There are 4 protein chains.
Amino acid sequence: MASKESTPDVSRRSERSRRAIFDAALALVGEVGYPKTTVEGIAARAGVGKQTIYRWWRSKADVLLDAFLDLSEQAAEAAGQAPYAIPDTGDLAADLKGVLRATVDELQDPAFAAPSRALAAEGVVNEELGRRFVARLLLPQLELYADRLRSAQRAGQVRADIDPRIALELFVSPLAQRWLQHTGPISYEYTDTLVDYALNGLAPR
Amino acid sequence: MASKESTPDVSRRSERSRRAIFDAALALVGEVGYPKTTVEGIAARAGVGKQTIYRWWRSKADVLLDAFLDLSEQAAEAAGQAPYAIPDTGDLAADLKGVLRATVDELQDPAFAAPSRALAAEGVVNEELGRRFVARLLLPQLELYADRLRSAQRAGQVRADIDPRIALELFVSPLAQRWLQHTGPISYEYTDTLVDYALNGLAPR
Amino acid sequence: MASKESTPDVSRRSERSRRAIFDAALALVGEVGYPKTTVEGIAARAGVGKQTIYRWWRSKADVLLDAFLDLSEQAAEAAGQAPYAIPDTGDLAADLKGVLRATVDELQDPAFAAPSRALAAEGVVNEELGRRFVARLLLPQLELYADRLRSAQRAGQVRADIDPRIALELFVSPLAQRWLQHTGPISYEYTDTLVDYALNGLAPR
Amino acid sequence: MASKESTPDVSRRSERSRRAIFDAALALVGEVGYPKTTVEGIAARAGVGKQTIYRWWRSKADVLLDAFLDLSEQAAEAAGQAPYAIPDTGDLAADLKGVLRATVDELQDPAFAAPSRALAAEGVVNEELGRRFVARLLLPQLELYADRLRSAQRAGQVRADIDPRIALELFVSPLAQRWLQHTGPISYEYTDTLVDYALNGLAPR
DNA sequence: ACGTAACCGAGACGGTACGTCAAGTCTTTCG
DNA sequence: CGAAAGACTTGACGTACCGTCTCGGTTACGT
């Protein structure tokens, strides 16, 4: 006996509509911004009835989260073999700088930045969505940094008593904050500096 | 020569209404959250005409920004002599840990956290407001950390070639991100660790 | 080929709402008067969204015009066989006096008078609505008088060179003006007198 | 002890403001129509504070009524000796036709027609103002017709048993209704016909 | 092969809040 | 102290979207 509240029959779902909704949602967020993106607008642009959106998602933010996850997966596939893993050349600083430079590029691509920023903002204020955003998008990425740091610990390049989950925030969070809150400019030089400071510390040796 | 679009005659403004609007706005954000706080609701709660709000502010976010700045100023005054300055006991680590612990407390006070979070969220998506939020609230506070770090540089506790404006982000941004995006728990232990990592670096010495 | 500005899909329209709106509009005009009747009030009383009114009508006056036309049609149906036709007993004076006496009664029934007066007033100042009011309500009624006068001409009771469309105004317009502009009292005696004066003229014979 | 609600000290009243308000009110009604004429607009156009209007009048309609009365008086003065009286040449039909032709001209002069129509409309719906409009503008004019008819009765041109107050409506009201409600065109020929029909009646002699 | 049960596009529905406008009141400033 | 200026409270306006609820139509099984 299926629950009354469960999603409708998934097997009959129109893949065409799903794709059109994702495309419309991402396009609208990029074009007019998140606040002016409306469910009504997404439905119209996707050539879809409003109810088709409400049948499968609970809110505008929900749609966008799925659309963005879908986008990320597609991007990952397009990127080929090692889609999302931090290289391990043995040179920790160089590896981190490389990944952060790629992130800088990504953050400046409007197609990626607009929905990402919108979801982050919504997550700040809507805790439930925020937790899903973090769990499905942010944490997996952070975990890659943690893995790389653990590897560095085994190689003796990072002290053994360091908590990798916290350590990674030393260079990731500053970039995140500058980007989200416009508290400063973003550049390769900046992220390189973050890695240097974080690895070597501020105090004289 | 007053511009046609400038705000109306400020000298005639009702201080009573201004205060009531601030109080109502902060109270509502705290009680029902930012999205459910409406201009109409603020006006009603403040016993003020809606037009009186639109006469002086352009949006809900604008009102809240001013209300929150006002709150901060009052809090600063109430805090007495050294309202917003980081102590300088000579022990950099201890001083930073102390201030961050105070910040942790503040971030857990709902009266302060709700509007702050709302403004941060709005600023993420509304760049114009975001820049004002940063310029009027965030940067002044960050500058205090920069000052303390400069003092530490003079005392030889921080390397001279370090850029204080970037260095401070090593411990401030992680806390900010955990708070804003719920990427992890917040505690005294956590901020203490951040300061230790940031000052000493991750690499073995 | 439907015009872009045409009313929405009429076949899907809710008859229930339409009726409720008419009832509410007529009731409110009767109770609080036309100027204090608001679209918002009609919607609330009808248990209907405001947008449902604006979807189908352009203004308060438009709603009221349709509501009143609907009322007239219902009254006509209720009146039975010969709903709106002037009797033709052969005695022109008696027939006209009878109809005018009925009109006097109608003009003193508040349920009928309030919306009628409101529409007339609006029509005086809003030419577009005025023309519709006249075309759909006033002229059809006047035409009945013209018909009766033509019949009287064929019977030799009215001179053949008389223009019936003007002639009818001799007894209809005075009543209309007294009612609309409060220029004098209204009674059976008054309308009887009008008919006598109009048929026989003022000059001695 | 003066009542709180009495008008303020009339002797100190600014004639300059009073005139400017009248001019502004009449101009605005002519230019944008009655509904779009606002007290705020009148005050602005007259270079006067809004309160100066509310001090001396109770409503927009009140202002306009006084403005129109003032205009009528000025017009009357300008017209010279016998400002408002119906000529008495002994030929009743000719005298009435002449006056009605002049009225036709007046009704087509926008400077006169716009405020007049506006006041009539307001009077239809606002009984209190309507009665003042009628008493101060309409009835005095009707009385002139009544006087002329009484004179005709003394001359034996109108039957003695005719009530002049009702008789005059036979030709005045039709013109009024056509003008107010757009129920038909207005012309010299039309008003001439009205006089003929009214004096001679519709029935064959 | 055919009913019947779902999804689908469309869009009307009852609502909430928006941002604007004007009403009429109240307060401040000036002559 | 009257008048100008204009800020105030109030409340209707007409618009934009919300999330729900029909409406036909078109698949896509299940018997």
Side-chain angles (χ1 to χ4, degrees), chain A residues 8-14 16-17 20 35-44 46-60, chain B residues 7-14 16-18 35-41 43-44 46-60, chain C residues 7-14 16-17 20 35-41 43-44 46-60, chain D residues 8-14 16-18 35-44 46-60:
Chain A
D9 186 340
V10 172
S11 68
R12 289 175 157 246
R13 182 167 186 181
S14 161
R16 228 171 141 282
S17 295
K36 293 200 170 177
T37 296
T38 66
V39 173
E40 226 146 54
I42 295 170
V48 138
K50 233 192 319 182
Q51 192 59 33
T52 300
I53 294 184
Y54 283 108
R55 187 161 20 239
W56 302 106
W57 293 278
R58 296 210 317 281
S59 67
K60 168 171 79 163
Chain B
T7 58
D9 187 339
V10 171
S11 68
R12 297 199 160 203
R13 185 165 184 182
S14 160
R16 229 169 140 283
S17 294
R18 197 175 136 272
K36 292 202 169 177
T37 297
T38 66
V39 174
E40 223 138 354
V48 136
K50 214 179 356 167
Q51 195 57 40
T52 300
I53 295 184
Y54 283 111
R55 205 188 331 271
W56 301 105
W57 293 279
R58 295 208 318 280
S59 66
K60 168 172 77 163
Chain C
T7 59
D9 187 340
V10 171
S11 69
R12 297 198 162 208
R13 185 165 186 183
S14 160
R16 226 170 143 282
S17 295
K36 292 202 171 178
T37 296
T38 67
V39 174
E40 222 138 352
V48 137
K50 209 178 2 165
Q51 197 56 41
T52 300
I53 295 184
Y54 282 110
R55 191 162 14 242
W56 299 105
W57 294 278
R58 294 208 318 281
S59 65
K60 170 171 75 163
Chain D
D9 185 341
V10 173
S11 67
R12 288 182 155 244
R13 184 167 184 181
S14 160
R16 230 171 138 280
S17 294
R18 196 175 137 273
K36 292 201 170 178
T37 296
T38 66
V39 173
E40 227 145 48
I42 295 171
V48 138
K50 228 189 328 179
Q51 194 57 37
T52 300
I53 295 184
Y54 282 109
R55 190 165 8 245
W56 302 106
W57 293 277
R58 295 210 318 281
S59 67
K60 170 171 77 163

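Not measured: the values here are computed from a predicted model. In what follows, every chain begins at residue 1, and chains take the letters A, B, ... in the order their sequences are listed.
Projected onto DNA chain F by closest heavy-atom contact, Thr37(C) and Ser14(D) fall at different nucleotides, the more 5' of which corresponds to Ser14(D). The nearest heavy atom of DNA chain E to Arg58(B) and to Ala46(C) marks one nucleotide each, and the one closer to the 5' end goes with Ala46(C). If Val39(C) and Val48(B) are placed on DNA chain F by their nearest nucleotide, the residue sitting closer to the 5' end is Val48(B). In terms of position on DNA chain E, the residue among Glu40(C) and Gly49(C) whose nearest nucleotide sits closer to the 5' end is Gly49(C).
A 6.0 Å sphere centred on CZ of Arg55(B) holds more than 12 heavy atoms belonging to other residues, nucleotides or ligands.
Of all nucleotides listed (dC13(F), dA7(F), dA3(F)), dA7(F) comes nearest to the side chain of Lys50(D). Closest approach to the Ser17(D) side chain among dC8(F), dA3(F), dA5(F) is made by dA3(F) (side chain taken as heavy atoms from C-beta onward).
Side chain of Lys50(D) to backbone of Ala43(D): no donor-acceptor contact under 3.5 angstrom is found.
Between Arg13(D) atom CZ and dC1(F) atom C1' there is a gap of 16 Å when expressed in whole angstrom units. Separating the CZ atom of Arg55(B) from the C1' atom of dA5(F) is a distance of 13 Å, rounded to the nearest angstrom. Here the C1' atom of nucleotide dC8(F) and the CZ atom of Arg18(B) are 16 Å apart, to the nearest Å. Distance, Gln51(D) CD to dC8(F) C1': 12 Å, rounded to whole Å. Distance, Tyr54(A) OH to dT22(F) P: 17 Å, rounded to whole Å. Per the geometry, CD1 belonging to Ile53(D) stands 12 Å off C1' belonging to dA4(F), to the nearest Å.
Contact between Thr38(D) and Gly41(D) at its shortest, heavy atoms only, is OG1-N, 2.7 Å. Nearest approach of Lys60(C) to Val39(C), heavy atoms of both residues: CB-CG2, 4.0 Å.
Residue Gly47(D) is in sugar-phosphate contact alone, with no base atom involved, counting any heavy-atom pair closer than 4.0 Å across all strands shown. Residue contacts shown for Ser59(D) are absent, as no nucleic acid heavy atom lies under 4.0 Å away. Trp56(B) comes within 4.0 angstrom of the backbone, heavy atoms only, and of no base.
Here chain D contacts DNA chain E (any atom closer than 4.0 Å to a heavy atom, that is under 4.0 Å), and the contacts span dA22(E) to dC26(E) from 5' to 3'.
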field: Sequence-aligned protein contact record of nucleotides 23-29 of chain F, with B where the base is within under 4.0 Å of a protein heavy atom and S where only the sugar-phosphate is
entry: B----B-
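Taking OG of Ser59(A) as the reference point, atom CD1 of Ile53(A) lies at 11.0 Å (rounded to 0.5 Å).
Residues that satisfy the ring-ring contact (aromatic ring centres under 6.0 Å, His included) test with Trp56(A), not counting sequence neighbours, are absent from this structure.
The side chain of Thr52(B) places an N or O atom within less than 4.0 Å of a non-bridging phosphate oxygen (OP1 or OP2) of dT9(F).
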